[in-house]
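Have a look at the structure below, then the notes.
Counting starts at 1 for both ligands and their atoms, in listed order.
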Amino acid sequence: MLQTIISRLLASTKGILAADESSKTIQKRFDKIGLQSTPETNLAYRKMLFTTPGVEEFLSGVILYDETIRQEIDGVPVPQYLEKRGILPGIKVDQGIVDEITTGLDGLSERLTEYRNLGAKFAKWRAVIVANQEDAFIEKNAENLAKYASLCQEQDIVPIVEPEVLMDGDHDLQKCQEVTAKTLKTVFAKLVGQGVVLEGVILKPNMVISGKDAPNKASPKEIAEATVKTFLEVVPTQVPGIVFLSGGQTPDEATENLAAINKIGGPWQLSFSYGRALQDEALKAWAGKEENVEAAQKAFFDRCKKVSLARQGKL
Ligand code: 5MM
């Protein structure tokens with residue numbers, strides 16, 4: 001069961017849309033278009049994305065937020081609507097960060113059962129690491145990721161394990177490389193310690209990339225070389241796939257960097273699970289107005305197509 005879901009999520013021409021913005025985050029996104037987030041406006045926006053004609057050619061899965069997995073599109077529950085389109089529904093199960101540690105383990109087993117009954121086939125938990133993170137916080141976040149992954153596998157839900165080293169700051173590529181390597185090493189040690197089956201997880205990491213405010217930004221080729229080199233050192237080959245987050249890269253950057261990574265390749269599937277890089281242009285085109293849905297869907301379709309080509313190393 002886990003393997004079937006994983007093969008579908010990692011299909012060679014497709015990737016995952018992260019649409020699991022929490023209430024606070026979706027409001028931050030809507031601020032850019034001057035819109036108030038409510039369950040209704042959130043659904044109108046996500047419906048625009050999910051009903052884009054033809055997008056199933058490029059998307060294998062969508063990560064949903066607790067609110068969205070309970071909503072309906074034209075009378076059909078969102079997870080079943082996506083499944084009908086051939087897109088697997090997933091669910092974010094972490095519950096935010098408290099004192100630098102991602103929380104959500106309390107009652108997680110029961111919540112996973114409920115999400116599975118609602119149709120979720122995979123889950124996601126994101127830990128956030130800053131460039132100068134103290135080791136103790138990396139350890140604790142990795143431990144929680146491993147406990148989460150183990151609980152998912154017990155229920156035949158594929159865990160997406162997301163340790164994100166933030167792009168915030170002026171650090172260079174080398175610094176990102178060091179922190180990413182240390183974080184991933186710790187995460188895999190904890191996963192193994194917790195008895196998690198590595199063949200049954202998908203890793204969702206950051207690329208090895210310069211900080212947002214770095215004076216000299218690395219090129220796509222440098223990013224790709226550093227990313228693949230680092231991952232070859234620390235990501236076991238049993239892991240079937242790596243789906244990168246975009247982390248604040250522009251849509252074009254996230255597309256070019258993924259293409260450069262896939263031109264090098266590795267022993268795992270190298271795909272995407274982008275939030276902002278897939279959505280930004282569509283959100284701007286939509287601007288909260290029904291009359292813009294068609295233009296927004298065109299922007300979304302075009303970006304998904306480009307990222308799908310990048311995932312195949314074809315750009
Ligand atoms: C879509 O945003 C996700 C949820 O974030 P919050 O819990 O902070 O609301 C986020 O985890 C996302 O899945 C990843 O960061 C990937 O999105 P980006 O925009 O980095 O590609």
Side-chain angles (χ1 to χ4, degrees), residues 9 15-32 37 39 42 45-46 49-50 58-69 78 88-98 100-104 108 111 120 122-130 141 144-145 148 158-169 176 180 183 202-209 211-212 223 227 241-258 261 270-284 300 303-304 306-308 310-311:
L9 286 174
I16 298 169
L17 166 68
D20 57 315
E21 296 84 0
S22 55
S23 307
K24 225 168 96 188
T25 304
I26 191 83
Q27 183 59 69
K28 259 207 274 181
R29 306 279 182 266
F30 282 2
D31 283 347
K32 293 186 206 153
S37 159
N42 298 344
Y45 172 60
R46 287 167 172 150
L49 295 174
F50 303 164
F58 315 118
L59 295 182
S60 56
V62 172
I63 312 172
L64 302 169
Y65 183 49
D66 180 81
E67 174 185 283
T68 325
I69 201 170
V78 171
L88 291 173
I91 182 77
K92 179 235 290 298
V93 300
D94 63 73
Q95 295 182 313
I97 300 164
V98 178
E100 299 178 49
I101 304 294
T102 301
T103 61
L108 179 56
R111 286 194 293 126
F122 66 102
K124 191 202 87 173
W125 177 293
R126 171 170 172 256
V128 176
I129 311 293
V130 292
N141 269 313
N144 286 357
L145 270 169
Y148 139 81
V158 172
I160 293 192
V161 171
E162 181 181 1
E164 173 176 8
V165 176
L166 292 182
M167 278 173 76
D168 296 8
C176 179
T180 303
T183 301
I202 293 178
L203 178 68
K204 175 167 173 173
N206 53 286
M207 296 174 187
V208 174
I209 195 166
K212 244 183 245 163
I223 291 167
T227 301
I242 295 173
V243 295
F244 291 99
L245 56 91
S246 58
Q249 300 176 53
T250 65
D252 278 342
E253 286 167 349
T255 308
E256 282 163 30
N257 292 335
L258 184 65
I261 287 171
L270 293 162
S271 187
F272 60 93
S273 173
Y274 291 166
R276 285 162 287 180
L278 286 178
Q279 296 184 43
D280 277 1
E281 294 147 312
L283 174 66
K284 224 167 126 193
F300 183 55
R303 180 53 62 185
C304 287
K306 283 184 199 158
V307 179
S308 156
R311 187 246 178 281

Inset, instruction - Could you tell me the residue and atom name of the protein heavy atom closest to atom 14 (C) of ligand 1, and the distance to it rounded to 0.1 Å? - result: E162 OE2, 3.2 Å

Legend entry - Protein residue, atom and distance nearest to atom 4 (C) of ligand 1, heavy-atom basis: K92 NZ, 3.1 Å

Inset, instruction - Kindly say whether I16 contributes a backbone atom to a donor-acceptor pair with the side chain of Y274 at under 3.5 angstrom? - result: no

Legend entry - Distance-minimising heavy-atom pair for P163 and L145: CB-CD1, 4.0 Å

Legend entry - Top protein contact for atom 6 (P) of ligand 1, by heavy-atom distance: T25 OG1, 3.5 Å

Legend entry - Side-chain ion pair, R276 and E21, N-O less than 4.0 Å: no

Inset, instruction - Go through ligand 1 atom by atom and flag the ones less than 4.0 Å from a non-hydrogen atom of A18. - result: 1 (C), 13 (O)

Legend entry - Distance from atom 16 (C) of ligand 1 to nearest protein heavy atom, with residue and atom: K204 NZ, 3.5 Å

Legend entry - Test of proximity, G247 against ligand 1: N or O pairs below 3.5 Å: yes

Legend entry - Sequence-distant partners of K92, salt bridge (charged side-chain N to carboxylate O under 4.0 Å, His left out), two or more places apart: D20

Legend entry - Heavy-atom nearest option to atom 21 (O) of ligand 1, drawn from G96, S246, S22: S246

Inset, instruction - Would you tell me which option among K124, E164, E21, R29 has the nearest heavy-atom contact to atom 12 (C) of ligand 1? - result: K124

Legend entry - Any residue meeting salt bridge (charged side-chain N to carboxylate O under 4.0 Å, His left out) with K212, in chain and number order, not counting sequence neighbours: D168

Legend entry - Y274: numbered ligand 1 atoms lying under 4.0 Å from its heavy atoms: 21 (O)

Inset, instruction - For the residue pair T183 and T180, confirm or rule out a side-chain donor-acceptor distance under 3.5 Å. - result: no

Legend entry - T68 and N42 side chains, donor-acceptor separation under 3.5 Å: no

Legend entry - Nearest neighbour in protein (non-hydrogen) for atom 17 (O) of ligand 1: G275 N, 3.5 Å

Inset, instruction - Compute whether any side-chain donor of one residue and acceptor of the other, for Y45 and Q279, lie under 3.5 angstrom apart. - result: yes

Inset, instruction - Output yes when the distance from some N or O of ligand 1 to some N or O of A277 is under 3.5 Å, and no in every other case. - result: no

Legend entry - Pair R29-S37, side-chain donor/acceptor within less than 3.5 Å: no

Inset, instruction - Identify the protein heavy atom lying closest to atom 3 (C) of ligand 1, giving its residue, its atom name and the separation to 0.1 Å. - result: D20 OD1, 3.4 Å

Inset, instruction - Check whether any N or O atom of R276, backbone or side chain, sits under 3.5 Å from an N or O atom of ligand 1, and answer yes or no. - result: yes

